[in-house]
Amino acid sequence: MSKKTHLDESSNLFAQEEAMLNDIRCRLKDYSAERRDLIPILQMIQEKYAYIAPITIQMVSDHLNIGACEVYSVASFYNQFKFNPPGKHPVKVCMGTACHVKGGDIILENFERKLEIKEGKTTPDREFSIERVACVGCCALAPVVVIGETVHGNMAPSKVEGLILGFQIEKEKQARLKEKQARLKEKRDADENGN
Amino acid sequence: MSKIIVDEQYLEIIEGTNLLQACLENNIYIPNLCYLKERKEKNASCRLCFVEIEGMPKPVTSCTLDVEDGMVVRTDTPAVRRLQRTAFQLLMSVHEVDCAHCPANKKCELQKIARFLKLGLKPKGLDHSLRELETDHDHPFLEYFPHRCVLCGKCIYVCKKRNGRPYLTFAGRGLDTQISFFGDKDPLKLPCAECLACTLICPVAAIIAKTDT
Ligand code: SF4
Ligand code: SF4
Ligand code: FES
Ligand code: FES
């Protein structure tokens with residue numbers, strides 16, 4: 001990937017975060033400054049943004065006038081609250097009874113190793129995140145992994161690398177396509193200017 | 001004044017005194033880790049301070065009871081010891097036993113309790129496994145050792161009491177529970193450099209000043 005698109009991506013992320021903070025700041029006005037609103041506020045943020053960033057925890061604690069660590073203490077108690085943004089391709093490894101029996105934990109471990117992140121985390125480029133979930137309803141295919149909307153049944157450790165590679169190849173293809181289009185456009189613009 | 005009998009000793013105690021407190025003050029030792037005299041709502045989380053009381057069907061935690069006139073208490077029955085030994089061994093099954101390199105060595109509550117219960121520090125017949133935890137080490141003044149921590153909560157209580165709000169809390173749940181310093185780490189915004197109350201109350205040196213590491 002060219003350096004320019006890297007920069008684009010990170011300034012894009014920055015703008016996204018800025019927008020998120022502004023939005024949450026506005027929404028907080030709908031909640032009282034009392035402690036009983038803590039969980040409703042956390043749920044609102046989780047629902048809207050699919051994760052609760054450290055900086056938003058600070059914001060909530062300012063709003064309720066309690067310590068940031070008190071907010072974190074409550075939030076970290078519940079599984080429904082995540083502290084990492086979901087990846088573009090969220091990997092959900094089934095840990096239901098059937099998948100567990102068929103070695104779901106080995107599949108999970110393989111994803112963790114290949115992506116170099118732990119369950120509950122997101123890769124630094126925000127491409128992948130890993131999550132463990134309960135039965136996804138197709139036990140006959142155990143062990144099962146759901147990536148995005150796609151169900152992958154009869155998973156085996158040897159299939160993990162291929163799956164990840166598939167996404168990476170797709171991404172590179174898209175990037176090349178984009179670059180090609182950009183070059184074409186540049187050329188067209190140059191031609192037009194030339195005339 | 002209430003008259004009570006503890007292990008065949010007659011004691012006169014001010015009515016309403018905490019039972020564990022009363023025993024400790026009269027040199028009757030009952031193992032305990034999470035009891036704090038000032039804390040009104042007892043954690044009762046360490047499950048070590050069991051006693052048997054006449055008229056009560058089962059052993060009870062002494063830190064959650066107040067003295068009543070006529071109480072007959074036993075601190076050393078087989079049932080009490082069994083409960084204490086089990087609770088202690090469970091605690092130690094996730095504890096990093098490395099006394100030689102621990103600042104609490106020789107003044108550690110766990111060593112004291114092990115001696116009292118005639119147990120080794122490493123549990124027998126239980127798996128010993130250290131929890132896999134992610135712990136932040138970016139606090140400017142304090143260092144936390146999750147594998148020493150017995151999750152008694154005393155540090156949280158004293159911090160909140162002293163500073164009006166806690167600067168550390170429990171985070172996570174179940175086996176993953178640990179102390180977290182989540183929040184602004186700007187040294188100028190933290191009262192810790194002048195405080196260190198948590199490091200003084202911790203019974204096992206799980207929180208210490210960075211300068212002591
Ligand atoms: S040093 Fe004091 S203020 Fe800082 S965490 Fe410990 S008790 Fe709280
Ligand atoms: S750090 Fe020390 S005082 Fe705090 S909960 Fe752990 S053992 Fe108790
Ligand atoms: S247990 Fe995995 S799909 Fe049912
Ligand atoms: S001192 Fe009573 S339960 Fe810990």
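- The choice from B:S180, B:G172, B:G174 that makes the most heavy-atom pairs within less than 4.5 Å of chain A is B:G172.
- With a threshold of 4.5 angstrom between heavy atoms, B:E132 approaches chain A through side-chain atoms but not through N, CA, C or O.
- Within the 4.5 angstrom heavy-atom criterion, no atom of B:I156 approaches chain A.
- Nearest heavy atom pair, residue B:L110 against residue B:F88, reads O-CZ, 3.5 Å.
- Side chain of B:Y144 to backbone of B:I179: a donor-acceptor contact under 3.5 angstrom is found.
- Heavy-atom distances place the side chain of A:Q58, and not its backbone, under 4.5 Å from chain B.
- Aromatic ring orientation, A:Y72 versus B:F182: parallel (interplanar angle below 30°, classes split at 30° and 60°).
- Relative to the ring axis of A:F111, A:R113 does not place its NZ or CZ within 45° and under 6.0 Å from the centre.
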